[in-house]
S.K.: 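What follows is a structure written as structure tokens; I'll ask about it next.
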Amino acid sequence: MTVDDGEEAREASAPIEMLEHYFLAHSWNCDRVGDEEIVAQVQGSWTQYELRAVWREEDRVLQFLALPDIRVPADKRSAIYETLGLINEQLWIGHFEMWASSGLLLFRYASLIDAGGDGSLTLDHAEALVEAAIDECERFYPVFQFVLWADKSPSDAIAAALIETQGEA
């Protein structure tokens, strides 16, 4: 192994291994679920998030999920479905969804990883995956809370939660 090979190995590795290194570097609790899955917990501004990644080597796809601690009661599900539609229109990558069986809200997206190569994930790509998921959850968490607990309409909740401030206080 040459110096260049060693540097390359540090810069890119199997997706779950790279995510494990990333999580541990941030001192986040994480657990491997076999060779193809990892789960981590991270505290956000609003709530604790469960981050889950599943690697499908045969497809070269890494599915990444961020689960905020939100369960939707049956009587609020139609309003949340409308909210999800309005939010998802604004997203470039990934989407929010609600699992019908449990009412659990999550952010999910899949990423093709080096489809023609060795299936390695770079540190930059790992960071982009994780940060995008957390950022979107943090951005829209108040919207879900307004709909669930303040009985705001989905459009009013989005307008109230996503106001742009100008200047400095």
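Remember, predicted model here, so these are calculated numbers, not experimental data.
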S.K.: I'd like a table of donor-acceptor pairs (distance under 3.5 Å, sequence neighbours excluded) in which one partner is a side-chain atom from residues 32-40, with atom names and distances.
M.R.:
residue : atom : partner : partner atom : Å
Arg32   : NH1  : Glu20   : OE1          : 2.9
Glu37   : OE2  : Arg52   : NH1          : 2.4

S.K.: Under the 3.5 angstrom rule, does the side chain of Asp156 hit a backbone N or O of Lys152 as a donor-acceptor pair?
M.R.: no

S.K.: Rounded to the nearest 0.5 Å, what separates atom CG in Leu121 from atom CD in Glu127?
M.R.: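 It comes to 11.5 Å.
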
S.K.: Would Leu19 and Trp55 satisfy side-chain contact (heavy atoms from CB on, under 4.5 Å), going step by step from the backbone distance to the final call?
M.R.: CA-CA 11 Å; Leu19 287 168; Trp55 170 238; over 6 Å; no

S.K.: Is there a path of hydrophobic side-chain contacts, each under 4.5 Å between heavy atoms of I, L, V, M, F, W or Y residues, that connects Val42 with Phe23?
M.R.: yes

S.K.: Can you give me the closest heavy-atom contact between Ala160 and Phe146, atom names plus distance?
M.R.: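 So the two residues come closest at CB-CE1, 3.8 Å.
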
S.K.: Over all heavy atoms of both residues, which pair between Met98 and Leu84 is shortest? Give the atoms and the distance, please.
M.R.: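 Looking at all heavy atoms of both residues, the closest pair is N-CD1, 3.8 Å.
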
S.K.: Verify the cluster assignment for Met18 and Val54: are they in a single hydrophobic cluster under the rule of side-chain heavy atoms below 4.5 Å apart?
M.R.: no

S.K.: Parallel, tilted or perpendicular for Phe144 and Phe96, by the 30°/60° rule?
M.R.: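 Rings of Phe144 and Phe96: perpendicular, as their planes differ by over 60°.
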
S.K.: Rounded to the nearest 0.5 Å, what separation is found between the CG atom of Leu129 and the CD1 atom of Ile134?
M.R.: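 Separation between the atoms: 11.0 Å.
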
S.K.: Run the side chain to side chain donor-acceptor pair (under 3.5 Å) check on Glu138 and Tyr49 step by step: do they pass?
M.R.: CA-CA 10 Å; Glu138 289 282 288; Tyr49 300 104; 2.5 Å; yes

S.K.: Where is the tightest heavy-atom contact between Leu105 and Pro68, given as atom of each residue plus distance?
M.R.: O-CD, 3.6 Å

S.K.: Is it the case that atom CH2 in Trp28 sees more than 12 heavy atoms from other parts of the structure closer than 6.0 Å?
M.R.: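 Counting neighbours around CH2 of Trp28, more than 12 heavy atoms of other residues, nucleotides or ligands fall under 6.0 Å, so yes.
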
S.K.: Please find the pair of heavy atoms, one from Ser102 and one from Arg71, that lie closest to each other, and give the distance.
M.R.: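 Residues Ser102 and Arg71, closest heavy atoms: CB-NH1, 3.6 Å.
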
S.K.: Judged by atom type as modelled, is there a donor-acceptor pair below 3.5 Å linking the side chain of His26 to the main-chain atoms of Tyr22?
M.R.: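 Indeed, once roles are kept as given, a pair shorter than 3.5 Å links the two residues.
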
S.K.: For Arg139, does the CZ atom sit with more than 12 other heavy atoms under 6.0 Å from it, leaving out its own atoms?
M.R.: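 Yes, enclosed.
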
S.K.: Give a yes or no on whether Ile16 and Phe64 share a hydrophobic cluster (residues Ile, Leu, Val, Met, Phe, Trp, Tyr; joining criterion: side-chain heavy atoms under 4.5 Å apart).
M.R.: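 They do share one cluster, since a chain of ILVMFWY contacts under 4.5 Å joins Ile16 to Phe64.
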
S.K.: Kindly give the heavy-atom pair with the smallest separation between Pro154 and Leu86, and that separation in Å.
M.R.: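 In this case the closest contact between Pro154 and Leu86 is CB-CD1, 3.8 Å.
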
S.K.: Kindly state each residue pair satisfying side chain to side chain donor-acceptor pair (under 3.5 Å) with at least one member in residues 103-113, sequence neighbours excluded.
M.R.: Gln63-Arg108, Glu97-Arg108, Ser111-His125

S.K.: What residues join Leu106 in its hydrophobic cluster, counting side-chain heavy atom gaps under 4.5 Å, either direct or through other members?
M.R.: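 Leu65, Leu67, Trp99, Leu104, all in the cluster of Leu106.
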
S.K.: If every non-hydrogen atom of Leu112 is compared with every non-hydrogen atom of Asp59, which pair is closest and at what distance?
M.R.: CD2-O, 4.1 Å

S.K.: After noting the C-alpha distance and the side-chain angles of Glu136 and Leu91, does the key distance pass the side-chain contact (heavy atoms from CB on, under 4.5 Å) rule?
M.R.: CA-CA 9 Å; Glu136 295 299 359; Leu91 300 178; 3.4 Å; yes

S.K.: Hey, is CG on Asp135 packed in by over 12 heavy atoms from elsewhere, all under 6.0 Å?
M.R.: yes

S.K.: Under the side-chain contact (heavy atoms from CB on, under 4.5 Å) rule, what do Ile113 and Val61 come out as? Steps first, then yes or no, please.
M.R.: CA-CA 6 Å; Ile113 306 294; Val61 172; over 6 Å; no

S.K.: Does a side-chain heavy-atom distance below 4.5 Å link Cys137 with Thr47?
M.R.: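 No. Closest side-chain heavy atoms not under 4.5 Å.
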
S.K.: Using a 4.5 Å cut-off on heavy atoms from C-beta on, say whether the side chain of Gln145 contacts that of Ile70.
M.R.: yes

S.K.: Drop me the distance from Asp69's CG to Gln48's CD, to the nearest 0.5 angstrom.
M.R.: 8.0 Å

S.K.: Is there a path of hydrophobic side-chain contacts, each under 4.5 Å between heavy atoms, that joins Tyr81 and Phe107?
M.R.: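 Yes, it is one cluster - the side chains of Tyr81 and Phe107 are joined through contacts under 4.5 Å.
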
S.K.: Out of curiosity, does Ile87 fall in the hydrophobic cluster containing Ile93 (side-chain heavy atoms, cut-off under 4.5 Å, transitive links)?
M.R.: yes

